[in-house]
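Below: one structure, written as structure tokens.
Count residues from 1 along the sequence.
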Amino acid sequence: MSLTISVVTWNSEKTIRQCIESILLQTYDQFEVIINDNDSKDETCTIISQISDPRMRLIKSEKNTGFCGGHNRIIRETFSEFVLLVNPDVILSGDYVETVMDCMAASPNIGTVCGLLLQNGFEESKI
């Protein structure tokens, strides 16, 4: 199963390094990462360019096309079977992508999955 991880940034210098690092450290590592920067005016692109990984590609947009516009551009440029949309301020748990891919493989009727969002400083409730 082919996977593209799509990240759209705009002035995301405070969070993008941790986001990308959490993506690159996934237990499931058969993916490409395409980052669409929406004409950031801060150091977002510099930070991204400092991270070297052959699975990563940066697209620099000349204007801000918004969240949907950025992801749509990435989707148009990939031939992957699956596309995972990731916000630039998200830190994925180490097995997140593996869990998502296992879930998608388990049933062809599943069209979308979504993770549990936890705020920094809060722990996951044990039910």
Side-chain angles (χ1 to χ4, degrees):
M1 294 187 299
S2 58
L3 171 66
T4 295
I5 298 178
S6 174
V7 183
V8 174
T9 61
W10 181 73
N11 293 337
S12 304
E13 69 181 6
K14 293 181 182 177
T15 59
I16 193 60
R17 182 180 306 279
Q18 283 185 296
C19 175
I20 293 172
E21 288 173 353
S22 77
I23 292 170
L24 297 177
L25 291 173
Q26 291 295 299
T27 55
Y28 182 99
D29 62 359
Q30 299 302 306
F31 55 78
E32 67 175 341
V33 182
I34 303 177
I35 303 163
N36 184 91
D37 182 73
N38 270 329
D39 195 30
S40 290
K41 304 300 182 199
D42 64 1
E43 296 299 313
T44 299
C45 289
T46 300
I47 292 167
I48 294 167
S49 67
Q50 293 170 348
I51 303 170
S52 177
D53 191 287
R55 297 170 292 177
M56 243 174 59
R57 178 166 53 111
L58 173 62
I59 300 169
K60 295 180 183 179
S61 294
E62 294 181 10
K63 65 178 185 173
N64 188 340
T65 59
F67 179 83
C68 292
H71 284 298
N72 284 336
R73 181 174 181 185
I74 291 170
I75 290 167
R76 281 191 305 270
E77 293 197 18
T78 185
F79 295 100
S80 293
E81 184 178 4
F82 298 99
V83 178
L84 175 62
L85 308 184
V86 176
N87 289 352
D89 61 349
V90 167
I91 299 171
L92 299 176
S93 61
D95 65 345
Y96 182 81
V97 174
E98 182 176 7
T99 302
V100 165
M101 295 304 286
D102 287 347
C103 182
M104 297 300 283
S107 175
N109 297 327
I110 297 174
T112 186
V113 295
C114 183
L116 175 64
L117 179 63
L118 302 173
Q119 298 292 325
N120 284 340
F122 288 55
E123 290 186 26
E124 184 178 351
S125 149
K126 304 292 181 196
I127 298 176

Q: Quick one: closest heavy-atom pair of Ser80 and Glu32, and the distance?
A: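 Scanning both residues, the minimum pair turns out to be OG-OE2, 3.7 Å.
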Do we see a donor-acceptor contact under 3.5 Å between the side chains of [X] and [Y]?
| X | Y | result |
| --- | --- | --- |
| Arg73 | Thr65 | no |
| Thr27 | Asp95 | no |
| Asn11 | Thr44 | no |

Just by modelled atom types, is the [Y] backbone N or O under 3.5 Å from a matching donor or acceptor in the [X] side chain?
| X | Y | result |
| --- | --- | --- |
| Ser49 | Cys45 | yes |
| Ser107 | Asn109 | yes |
| Glu43 | Glu13 | no |
| Asn87 | Asp89 | no |
| Asn64 | Asp39 | no |
| Gln26 | Ser93 | yes |

Q. To which residues is Leu25 joined in a hydrophobic cluster, defined by side-chain heavy-atom contacts under 4.5 Å among Ile, Leu, Val, Met, Phe, Trp and Tyr, whether direct or through other members?
A.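 Members alongside Leu25: none; it stands by itself.
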Q.
Can you list, by chain and residue number, the hydrophobic cluster partners of Ile75 when the side-chain cut-off is 4.5 Å?
A.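 Its cluster partners, ordered by chain and number, are Val83, Leu85.
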Let me confirm one number: the [atom1]-[atom2] distance from [X] to [Y], rounded to the nearest 0.5 Å.
| X | Y | atom1 | atom2 | result |
| --- | --- | --- | --- | --- |
| Phe31 | Thr4 | CZ | OG1 | 10.5 Å |
| Thr9 | Asn38 | OG1 | CG | 6.5 Å |
| Trp10 | Asn36 | CH2 | CG | 14.0 Å |
| Ser12 | Ile20 | OG | CD1 | 9.5 Å |

Q.
Applying a strict under-4.5 Å side-chain criterion to I, L, V, M, F, W and Y, I'd like to know whether Val90 and Tyr96 cluster together.
A.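 Same hydrophobic cluster.
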